[in-house]
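Each remark here refers to the structure printed beneath this line.
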Protein chains: 2
Amino acid sequence: MDDHATARSGYHHGNLKEALLESARKILEESGHSALSLRQCAKAVGVSATAPQNHFGNKSGLLTALATQGYAELVARMRSSLPPDASRAERRSAALQGYVAFALENPALYELMFARDRVLADDPALLEQVGACFAVLADTSQELGLFPSGDPNLEAREQVFVWSLVHGYAQLATAGRFKKEAMKGMDILSIFPEGNQTG
Amino acid sequence: MDDHATARSGYHHGNLKEALLESARKILEESGHSALSLRQCAKAVGVSATAPQNHFGNKSGLLTALATQGYAELVARMRSSLPPDASRAERRSAALQGYVAFALENPALYELMFARDRVLADDPALLEQVGACFAVLADTSQELGLFPSGDPNLEAREQVFVWSLVHGYAQLATAGRFKKEAMKGMDILSIFPEGNQTG
DNA sequence: AGGCATATATTTACAGTGTAAACATAAGGT
DNA sequence: ACCTTATGTTTACACTGTAAATATATGCCT
């Protein structure tokens with residue numbers, strides 16, 4: 001009958017995989033990662049306790065799918081609302097602000113995206129999105145003017161610098177490690193050192 | 001009889017708390033956080049399954065104690081082998097290198113130290129060590145020469161910058177996010193922009 | 001010394017969880 | 001129609017955290 005989305009013929013859900021991801025995401029941000037279980041997701045969707053196994057194999061599979069989704073959204077956030085003729089410095093500012101905004105809006109998911117153990121690190125779909133994410137950062141990391149221009153390893157150095165700075169800021173901010181009174185009017189752009197560009 | 005350390009009168013262990021911490025640490029680094037359970041720690045020490053409850057209350061208590069221990073070691077690492085008359089730039093280099101070295105040597109513990117959910121964030125002993133850790137970073141963060149010197153918020157800006165850069169680098173490095181071929185001869189100092197100091 | 005409060009460790013019990021295996025039901029292609 | 005596959009269910013089991021009751025040692029007080 002209805003060939004898309006929330007088909008429900010009683011026995012078959014019709015869109016269970018995405019429904020499970022959605023409820024998993026909700027549980028994760030609302031109740032923290034310790035409350036996220038396959039069985040709770042199943043119950044929230046109204047399906048048997050072991051139904052998620054058919055779609056994700058095991059819990060790592062679900063978490064991997066969540067992380068993959070997270071990276072895709074992060075990339076979209078970094079690219080959002082950018083005029084096509086923006087300068088590299090403008091693209092960098094937009095990407096950095098979008099990156100941090102995503103982390104602050106989805107702290108539990110963001111933590112999962114960088115967790116060492118919970119996710120299948122060599123999942124192809126995940127690797128693809130991770131690559132896309134870091135490609136955006138790499139593109140915007142050039143020509144910082146912070147390192148000696150004769151350096152043969154200049155590009156790599158600039159990339160590592162930008163990734164480290166923005167990830168560290170994002171995670172420390174979401175973890176609440178910075179004192180609030182010192183953070184007034186401070187954001188990722190205000191701690192980004194000016195190179196020798198005009199900006 | 002023996003009033004210290006590994007006393008063993010059959011029933012009472014004598015040093016169970018530290019023994020549990022030790023085995024927890026071992027399990028964490030050798031088998032990952034998913035393998036770390038109170039029951040496994042108890043079994044490793046040769047004690048009943050619920051004995052850890054007497055010393056840590058619950059699992060969060062054990063993880064909090066682990067994280068506290070981690071921060072203490074991190075501080076020691078940052079301060080290690082520094083001549084008392086070292087300049088601020090020298091202290092900064094030593095602290096940054098010690099910080100990253102600790103993270104690379106204890107990746108699972110380091111992740112736990114910045115986890116959002118697993119640890120009792122307001123534990124006094126933990127807060128004390130966190131404070132000590134950040135005090136070292138704050139001390140070494142001054143006079144970077146990277147931001148306008150007239151800035152009324154200069155100190156806070158410098159601190160946030162240094163914490164973000166070193167934490168981001170440490171976590172991305174432990175997570176293996178940097179491509180290996182680009183990392184040859186690159187470390188935290190080589191991505192630290194030179195200010196206007198002599199260094 | 002005896003005696004009692006406390007700390008430390010055990011046993012038992014129970015609800016959640018992940019996961020494997022066998023089974024049931026729907027969907028699709030030949 | 002029939003078989004194959006995909007999708008859900010049921011059942012079963014081992015492992016985990018945690019509460020509660022119990023047992024054993026330690027320390028202090030008189």
Side-chain angles (χ1 to χ4, degrees), chain A residues 1-24 27-28 30-67 112 115 117-120 123, chain B residues 1-24 27-28 31-67 112 115 117-120:
Chain A
M1 203 69 73
D2 38 6
D3 56 337
H4 70 301
T6 44
R8 258 206 166 284
S9 40
Y11 197 101
H12 280 12
H13 182 281
N15 202 23
L16 184 52
K17 187 167 188 177
E18 293 173 18
L20 286 172
L21 275 175
E22 195 174 338
S23 82
I27 293 172
L28 185 61
E30 290 181 356
S31 310
H33 96 283
S34 65
L36 177 56
S37 71
L38 294 177
R39 292 171 114 99
Q40 284 296 326
C41 293
K43 178 181 288 185
V45 172
V47 87
S48 80
T50 62
Q53 285 182 282
N54 298 310
H55 294 277
F56 301 104
N58 54 22
K59 190 171 184 182
S60 295
L62 171 65
L63 297 184
T64 302
L66 267 182
L112 174 65
D117 221 12
R118 290 189 282 270
V119 155
L120 303 171
D123 178 81
Chain B
M1 201 71 74
D2 37 6
D3 56 339
H4 70 300
T6 44
R8 255 206 167 287
S9 40
Y11 197 102
H12 280 11
H13 181 281
N15 202 25
L16 185 51
K17 188 167 187 177
E18 292 173 19
L20 286 171
L21 275 175
E22 196 174 336
S23 82
I27 293 173
L28 185 61
S31 311
H33 97 283
S34 65
L36 176 56
S37 71
L38 293 177
R39 291 172 115 99
Q40 284 296 326
C41 292
K43 179 181 290 185
V45 173
V47 89
S48 80
T50 62
Q53 285 182 283
N54 298 310
H55 294 277
F56 301 105
N58 53 24
K59 190 171 184 181
S60 295
L62 171 64
L63 297 184
T64 302
L66 269 181
L112 175 64
D117 221 13
R118 290 190 282 271
V119 153
L120 303 171

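Below, chains carry the letters A, B, ... as their sequence lines are ordered, and counting in each starts from 1.
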Worksheet entry | Point-to-point distance, once rounded to the nearest 0.5 Å, from CZ of A/Arg39 to NZ of A/Lys59 | 11.5 Å
Discussion item. Whole angstroms only, please: what is the CG-P distance between A/Leu63 and C/dT17?
Written reply: 14 Å
Worksheet item: D/dG17 P sits how many Å from B/Gln53 CD, rounded?
Response: 10 Å
Practice prompt. Find which nucleotide of DNA chain C each of B/Thr50 and A/Gly57 is nearest to by heavy atoms, and output the residue with the more 5' nucleotide.
Written response: B/Thr50
Discussion item. I'd like to know if the side chain of A/Ser23 reaches the main chain of A/Val45, judged simply by a donor and an acceptor atom lying under 3.5 Å from each other, with no hydrogens or angles considered.
Written reply: no
Fill in: Positive for side chain to side chain contact (heavy atoms under 4.5 Å, CB included) with A/Cys41, one of A/Leu28, A/Ile27, A/Val47, A/Leu21
A/Ile27
Discussion item. I need the CG-P distance between B/Asn54 and C/dT10, as an integer number of Å.
Written reply: 9 Å
Response to the item:
Closest heavy-atom pair, A/Ser31 versus A/Ser34, reported as atoms and distance to 0.1 Å, is O-OG, 4.5 Å
Discussion item. With a 3.5 Å cut-off and heavy atoms only, can you find an N or O donor on one side and an acceptor on the other between the side chain of B/Asn58 and the base of D/dG17?
Written reply: no
Item to complete: Supply the atom-to-atom distance B/Arg118 CZ to A/His33 NE2, rounded to the nearest 0.5 angstrom.
Response: 5.0 Å
Fill in: Atom pair distance, as rounded to whole Å: CD in A/Glu18 and P in D/dT7
12 Å
Practice prompt. Respond yes when some side-chain nitrogen or oxygen of B/His55 is under 4.0 Å from OP1 or OP2 of C/dA9, and no when none is.
Written response: yes
Item to complete: In whole angstrom, give the distance that lies between atom CZ of B/Phe56 and atom C1' of D/dT18.
Response: 16 Å
Worksheet entry | Separation of B/Leu16 CG from B/Asn54 CG (nearest 0.5 Å) | 8.0 Å
Discussion item. Does anything in residues 30-43 of chain A come within less than 4.0 Å of DNA chain C? Heavy atoms only, and list the residues if so.
Written reply: A/Ser37, A/Leu38, A/Arg39, A/Gln40
Worksheet item: For A/Lys59 and D/dA14, what is the distance between atoms NZ and P respectively, to the nearest whole Å?
Response: 21 Å
Practice prompt. Rounded to the nearest angstrom, tell me the gap between atom CG in B/Asp117 and atom C1' in D/dG17.
Written response: 15 Å
Worksheet item: Just by distance, do the side chain of B/Thr64 and the backbone of B/Leu120 share a donor-acceptor pair under 3.5 Å?
Response: yes
Worksheet entry | Value in whole Å for how far the C1' atom of D/dT26 lies from CG of B/Leu16 | 16 Å
